[in-house]
Amino acid sequence: MEKRDILPIIFDVCHKEGWTVEKNYKRENWKADVIVSYSNYKVAFNIGKRFNTVEESYLAMRKERVCGCWLALSYESRPFCNEDLACFYLDESDGKYSVKFNSSYYIDIENFVSLLVRGKITRAKTIQPKFVDIYLIQNKCYRCGAIDNVYFVKRMMTKDGVILSAGEDFGRDIHFNPILVRLVQKHIEEHPELGVTIGVIKPRYSKTMEESYMSFGCSKCDSIVGDFFLKELIFDCIYDESMNNIVRIDTEASVLSFPVHHWHIAK
């Protein structure tokens, strides 16, 4: 996949929509492979394998009522992209090109260009999930030897139907959200056949860290499952795609939300 494969598609979409489009557009502080005029603003597209000064270019564009978008030709370009700005990855399959929104959500490039220019692709600051998959991990208490479970959020589906995955679309530290904790506890109480035991989740003092923080603990002796040890447990399991240790928590009727930034198609 090369830039020359993508540019004609963008031009074709714009011509069909009747939008004015220019290529190799240059200003004093920024440039664009393609710039599209729409309503009272413009949209600039840059396509490449790596990008320099994305943030500086974005700010310069904004001063001129231009919305910048950067399309990376490969996922290896991610070190040169700013996830808070309109930086997306391109994908090719069977001769068709699509744009990757996150770890599992793609749309074809024609729709992407049309929606982006119209301002329909926006950056959300929170997620209200329809369901949350928690990954259960057995843990042996270092003090009394009791076997309990800890968990982390493995994936979730937004109410728009988009699947987001831990480690790629959001961090690993959202499992102590108080609403989620209550929903998990309720689910376990209603399903004793699962045989899951989770100690009380609460602040505990860590001698290693010399501070208190939210933590899992032993159901028998209440000893802390330390943050460093918990991260090691999660790291060992985060890329396991089997469903053997997954419990799905229905969150659609709750007010659960996570401060996770993500791109989505506005209604």
Side-chain angles (χ1 to χ4, degrees), residues 102-105 126-260 262:
N102 52 55
S103 62
S104 62
Y105 187 49
T126 59
I127 287 174
Q128 293 181 310
K130 184 175 182 178
F131 67 75
V132 170
D133 283 345
I134 64 167
Y135 189 107
L136 293 167
I137 307 172
Q138 279 198 341
N139 177 58
K140 183 177 181 179
C141 176
Y142 73 93
R143 177 169 292 174
C144 73
I147 303 295
D148 285 321
N149 294 99
V150 298
Y151 69 84
F152 68 95
V153 177
K154 180 71 171 69
R155 69 178 66 85
M156 59 180 119
M157 187 175 82
T158 71
K159 292 182 178 179
D160 296 330
V162 178
I163 301 292
L164 303 176
S165 300
E168 294 187 64
D169 303 313
F170 58 88
R172 310 169 190 177
D173 55 353
I174 61 176
H175 37 265
F176 293 142
N177 179 292
I179 297 175
L180 177 63
V181 170
R182 289 197 294 271
L183 290 172
V184 171
Q185 290 172 336
K186 182 174 182 290
H187 187 89
I188 290 171
E189 290 169 2
E190 292 175 349
H191 295 275
E193 73 279 5
L194 294 174
V196 174
T197 303
I198 296 177
V200 176
I201 295 172
K202 65 181 183 181
R204 291 179 177 82
Y205 182 76
S206 166
K207 293 181 180 179
T208 303
M209 300 293 291
E210 296 184 342
E211 63 178 356
S212 294
Y213 53 79
M214 291 297 292
S215 59
F216 292 102
C218 177
S219 62
K220 290 193 175 180
C221 71
D222 201 43
S223 294
I224 188 172
V225 179
D227 185 59
F228 181 77
F229 181 65
L230 177 63
K231 287 179 178 178
E232 286 192 327
L233 290 175
I234 294 174
F235 181 78
D236 289 340
C237 303
I238 197 166
Y239 297 112
D240 177 13
E241 292 303 323
S242 71
M243 297 296 289
N244 296 335
N245 300 303
I246 294 292
V247 171
R248 180 157 294 179
I249 308 297
D250 185 354
T251 59
E252 187 170 18
S254 73
V255 294
L256 176 66
S257 67
F258 295 111
V260 176
H262 67 294

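Below, all heavy atoms of this structure are taken into account, side chains as well, without hydrogens, waters or symmetry copies. Numbering of residues begins at 1 and proceeds along the displayed sequence.
- Here the side chains of P129 and T158 are not in contact, with every heavy-atom distance at 4.5 Å or above.
- Between Y213 and F176, the gap from one ring centroid to the other reaches at least 6.0 Å.
- Contact detail for V260 and D169: the closest heavy-atom pair is CG1-O, 3.6 Å.
- Contact of the V132 side chain with the V184 side chain is not registered, since no non-hydrogen atoms from C-beta on lie closer than 4.5 Å.
- The CG atom of L180 sits 8.0 Å away from the OG1 atom of T251 when rounded to the nearest 0.5 Å.
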Take V150 and I198 through the test side-chain contact (heavy atoms from CB on, under 4.5 Å) and record every step on the way to the result.
CA-CA 6 Å; V150 298; I198 296 177; over 6 Å; no
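- Sorted by first and then second residue, the side chain to side chain donor-acceptor pair (under 3.5 Å) pairs with a member in residues 195-205 read K202-D222, R204-S215, R204-D222; sequence neighbours excluded.
- The backbone N or O of E252 sits less than 3.5 Å from a side-chain atom of D250, completing a donor-acceptor pair.
- Shown here are the side-chain contact (heavy atoms from CB on, under 4.5 Å) partners of C237, two or more places apart in sequence or in another chain: Y135, I137, F152.
- Salt-bridge check for E168 with R155: failed, with every basic side-chain N at 4.0 Å or more from each acidic carboxylate O.
- H175 is listed as a side-chain neighbour of L230, based on a closest heavy-atom distance under 4.5 Å.
- Judged by distance alone, with hydrogens and angles left aside, the side-chain atoms of D148 form a donor-acceptor pair with the main-chain N or O of S219 at under 3.5 Å.
- Considering only heavy atoms from C-beta on, V196 comes within 4.5 Å of L136 through its side chain.
- Of the possible donor and acceptor atoms, one in the side chain of S206 sits under 3.5 Å from a partner among the backbone N and O of M209.
- In this structure the side chain of Y151 reaches within 4.5 angstrom of the side chain of V181, judged on heavy atoms.
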Just do the side-chain contact (heavy atoms from CB on, under 4.5 Å) check on I246 and K154 with the steps written out, would you?
CA-CA 8 Å; I246 294 292; K154 180 71 171 69; 3.9 Å; yes
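- Taking 4.0 Å as the cut-off between side-chain N and carboxylate O, R248 and D133 count as a salt-bridged pair.
- No side-chain heavy atom of I147 sits under 4.5 Å from any side-chain heavy atom of N139.
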